Amino acid sequence: MPDPRPGRVVVEVVGEVVGEVDTSTAPALEVCLTSQARQPGVRELVVYLGQVTFLGAAGVTVLAQAHRRCRMRGARLVIRTGGRRCVLRPLQLVGLADLVAVDPADAERPQPRGPRTPRRPRTTPRRPSARRPRRVCR
């Protein structure tokens, strides 16, 4: 990606994370992001989290620290969630999604799989449940 200023080249570093990012795996992610952000000439650090199945508080902390490091070096952190709610939701809850570029390119999002089959209409009314309502955290 060329820089608008002549004689300069913008380096984009892309990293892909797979699996769970929690207290046991976050230190490895931190080492990786720190080393990539320190490379000379990096203007954009892209972290692809489309294969992440769980993003814990430790992972969000590592991403926030990477954002701060990038900002101090004049670079930009880009987080691509791949449309995964389990990744996007923690980023939104802590406000990091408002600070960094999250999914800036719709082309990187996975395309929907196809039309869902419609549910059959219910012929009998629903009965009230005898159990206590379950509490669901959303």
Side-chain angles (χ1 to χ4, degrees):
M1 167 186 311
D3 191 354
R5 295 171 285 188
R8 298 196 65 182
V9 176
V10 174
V11 177
E12 177 182 79
V13 178
V14 179
E16 182 174 3
V17 183
V18 178
E20 296 182 352
V21 183
D22 54 15
T23 55
S24 63
T25 58
L29 177 62
E30 182 176 17
V31 168
C32 178
L33 293 180
T34 301
S35 68
Q36 296 301 318
R38 287 184 180 164
Q39 289 184 8
V42 171
R43 295 286 171 233
E44 191 167 88
L45 179 58
V46 180
V47 182
Y48 181 71
L49 303 176
Q51 298 296 317
V52 170
T53 56
F54 174 77
L55 181 63
V60 174
T61 301
V62 167
L63 292 171
Q65 290 170 345
H67 166 63
R68 184 176 43 82
R69 271 190 225 99
C70 285
R71 234 183 42 227
M72 289 180 0
R73 296 182 61 88
R76 174 183 152 181
L77 178 67
V78 177
I79 299 174
R80 297 216 169 113
T81 66
R84 297 193 60 102
R85 182 177 166 85
C86 66
V87 174
L88 182 59
R89 190 68 180 140
L91 297 175
Q92 290 172 334
L93 287 173
V94 299
L96 191 60
D98 297 331
L99 299 176
V100 301
V102 176
D103 288 330
D106 288 336
E108 294 298 319
R109 286 190 155 181
Q111 298 300 316
R113 290 188 201 159
R116 293 182 72 182
T117 56
R119 296 179 84 183
R120 286 188 1 211
R122 190 175 273 279
T123 56
T124 59
R126 287 192 173 182
R127 291 181 294 187
S129 175
R131 293 184 287 159
R132 289 184 12 198
R134 291 187 337 180
R135 298 183 90 186
V136 179
C137 178
R138 289 190 181 198

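We count residues from 1, following the sequence as given. All of these numbers come straight from a predicted model, not from anything done at the bench.
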Identify every side-chain donor-acceptor pair in residues 65-72 under 3.5 Å, counting partners at least two apart or on other chains, and give the distances.
{"from": "His67", "atom 1": "NE2", "to": "Arg71", "atom 2": "NH1", "distance (Å)": "3.4"}
{"from": "Arg69", "atom 1": "NH1", "to": "Thr34", "atom 2": "OG1", "distance (Å)": "3.3"}
{"from": "Arg69", "atom 1": "NH2", "to": "Glu30", "atom 2": "OE2", "distance (Å)": "3.4"}

Minimum heavy-atom distance between [X] and [Y], given as atom pair plus value:
| X | Y | answer |
| --- | --- | --- |
| Arg73 | Gln39 | NH2-O, 4.0 Å |
| Pro90 | Leu55 | CG-O, 3.6 Å |
| Gly74 | Arg43 | O-NH1, 3.9 Å |
| Thr25 | Val21 | OG1-CA, 3.2 Å |

Query raised in the report: Do the side chain of Thr81 and the main chain of Val87 share a donor and acceptor less than 3.5 angstrom apart?
Result: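 No; zero donor-acceptor contacts below 3.5 Å.
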
Do the non-hydrogen side-chain atoms of [X] and [Y] ever get within less than 4.5 Å of each other?
| X | Y | answer |
| --- | --- | --- |
| Gln36 | Val42 | no |
| Leu49 | Leu63 | yes |
| Arg84 | Val52 | no |
| Leu77 | Leu99 | no |

Requested in this report: Kindly compute the distance separating SG (Cys86) from CD (Glu20), expressed to the nearest 0.5 Å.
Outcome: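 Between Cys86 SG and Glu20 CD, I get 9.5 Å after rounding to 0.5 Å.
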
Query raised in the report: Which value, rounded to the nearest 0.5 Å, describes the distance between Leu96 atom CG and Thr61 atom OG1?
Result: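 It is 9.5 Å, given to the nearest 0.5 Å.
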
